[in-house]
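Take a look at the structure below.
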Protein chains: 2
Amino acid sequence: MARRSSRITMADVAHAAGVSVASVSNYLNNRPYMTDDMRERIASAIERLGYQVNSSARNLRSGRTHLIKLSIPDLKQVYFSELAEDVLAEARLRGYGVIVESTTNNRERELDSVNSMGSHTTDGLILSPLMMRQADVHLLDNDIPLVVLGERLFDVSAPHVVIANARGAAMMTQHLLDAGCRRIAVVGGVRGTRSEQSSGVIRTQGYRDALAQAGVAYDPQLIVETDGWGSRDGADAVRRMLADQLEFDAVFALNDCLAWGVLRQLRACGVDVPAKVRVVGFDNVEESEFMIPSLTTVDPSKREIARLAVESVIQQIESGTRAGASMIEAPIELVYRESSPC
Amino acid sequence: MARRSSRITMADVAHAAGVSVASVSNYLNNRPYMTDDMRERIASAIERLGYQVNSSARNLRSGRTHLIKLSIPDLKQVYFSELAEDVLAEARLRGYGVIVESTTNNRERELDSVNSMGSHTTDGLILSPLMMRQADVHLLDNDIPLVVLGERLFDVSAPHVVIANARGAAMMTQHLLDAGCRRIAVVGGVRGTRSEQSSGVIRTQGYRDALAQAGVAYDPQLIVETDGWGSRDGADAVRRMLADQLEFDAVFALNDCLAWGVLRQLRACGVDVPAKVRVVGFDNVEESEFMIPSLTTVDPSKREIARLAVESVIQQIESGTRAGASMIEAPIELVYRESSPC
DNA sequence: GTGAAAGCGCTAACAC
DNA sequence: GTGTTAGCGCTTTCAC
């Protein structure tokens, strides 16, 4: 029956063990040079008293909290919840806890999670920005350990862990071209050019690059813009494409959720996948494997992204400063499944 | 251009503003009785120096971190990521941060998150236990603010926020009976009786209760057990049911993911939903609305669960102790969609 | 090897 | 209303 939290302090332990607080501290921090006898007495006292370190005190003294903040747009988006899970696991492995902050696609919140970094609650930040503007980046202009995730490369002096969006999209497009497709619709794509460097823009560019490379003409009609990137948007897109009698022999949905909707709607309309139309996605979210047909997609290896991000932010924390700008590209891979076999 | 973290302390601010640290503290904590003049001088000094409170120091002194730990089995399961998102939002609203801990269906980890509670990193715990055994509950026998989530009602002296699993399952079964179904298969159900009080067991019981109530015979054959609760398990189940030539006019999948798999596999096998077979789920996960056909399901109002849990744990934190055992049942509701219209 | 003691930056009790 | 000050519990020199 544990007492109220830990009223028990290091001093109590020291007293009970007949040693000094310094020795208890040494013991707790695995410092060498200590007689086995003392080690044992301290251990037993700790056990007996049910002592637990007070991390607030430790944090104050050491200036570290062993907490990382993970700021992402929305946990309800599978991509991010899977990424978060991987970040949690990786951080845990390295002895860090994670405060998750969901910015719910809200610029204010993104700025908040940046602004609050000075308050020492967390040692570093892994930020997946979505709404920040160029004008906001000066807020990141400090020495706090930071890793930026995703493709939005602001002029921020910090390591970026990026997905090879353009390359992934190009590879996937190439795969479809190799399979003989010539009318590849891009659901969730962005027509024309925008200054904004969203994943949509970049993936669309990758698609166009691959077409160009293969000498296949680019038809803007095939770019089907959507409101969001959920499965409903994918289904809506297909509905429109069919209504407009758009000709296409493949659909490249720019993320897996869109692809789910595409798959469902095509099936509902009696279009055979992959015989009549091939369908591919991007993100390799777990559920995609279980679609019928299972979804061919680009795997951005979230595990590796998480590992790289956590590793970098911890390295910065332990070295004491923000690392300079850099771009770490996570490996990318095509996963061939039934919706577009190899 | 911010300096390295905040070397700037309250003393610096006090000095710059020509006041005492106490006044700065008062200002920061919105304490009353303070001339507007002083208020302004402090504000401007803070602004000028770019001061930010050091939360470690504040935490040590106040004994509070304004951090809650949320311990759940797995963020990759949609139900939990949606719940987590709601918990995050609710906590944020009330000025608390959330450390998310994913126990990955691992008993050790569950115990860890409980054990580490004494170390003052977080003020309270919202725990969704899955693997804990009766033998472990003594670990929860302390005064630390705690809310237990889900149906596993151990003999723990703390508030429980529970889903009305039995009632929800019974209501849904009743709906199917009302629609004329008499052979309702339960995918993910648990045959026979087990001491264990998992959601599966309880939801199955709710189903049986409804049958009994309606005077419909219970056929154990209709209980289709599955390995897990993912969509693949749902699809597998249907495959087996069809192979075994099981007769059924409805499928009650005990969660939405199972239901997705059921929907897909039935469709793949040319079984019309809902004309031939009705399909319903449990959890009302966002994606379910976009299935084709859209999924009728039980809505456990995660938002409300999150609200109740956060509210209770914060109330405990602010009142200074663990609240006694209690059971707060979150409201439940059937959501009628195409897979089984009303 | 071990211990004494000086803070880390803040809050709150109390004095003015 | 405002200032002084004593710790919160720990880590870390620096003596011994």
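Quick note on labels: first sequence line is chain A, next is B, and so on, each numbered from 1.
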State whether B:Arg307 and B:Glu304 are salt-bridged, where the test is any N-O pair (Lys NZ or Arg NE/NH1/NH2 against Asp/Glu carboxylate O) under 4.0 Å. yes

For nucleotides 10-16 of chain C, just jot down a letter per nucleotide in 5' to 3' order: B, S or -, based on protein non-hydrogen atoms under 4.0 Å. BBB----

Output yes when B:Glu101 and B:Lys69 qualify as a salt bridge under the 4.0 Å nitrogen-oxygen rule, no when they do not. yes

In this structure, how many angstroms lie between the C1' atom of C:dG1 and the CD1 atom of A:Ile42, rounded? 11 Å

Nucleotide D:dC10, atom P - distance to NE2 of A:His15 in whole Å: 16 Å

Taking the basic N atoms (NZ, or NE/NH1/NH2) and the acidic carboxylate oxygens, is any pair closer than 4.0 Å for B:Arg109 and B:Asp112? no

OP1, OP2 of D:dT2 versus side-chain N and O of B:Thr35: anything below 4.0 Å? yes

If a pair satisfies salt bridge (Lys or Arg N to Asp or Glu O under 4.0 Å) and one of its residues is in residues 48-61 of chain A, list it, with sequence neighbours excluded. none

Electrostatic pair A:Glu85-B:Lys76, nearest N-O below 4.0 angstrom: no

Round to a whole Å and report the spacing from CZ of A:Arg39 to C1' of C:dT2. 13 Å

Below the 4.0 Å mark, does C:dG3 have OP1 or OP2 next to a side-chain nitrogen or oxygen of A:Ser23? yes

Are the side chains of B:Leu88 and B:Val100 in touch, meaning some heavy atoms are under 4.5 Å apart? yes

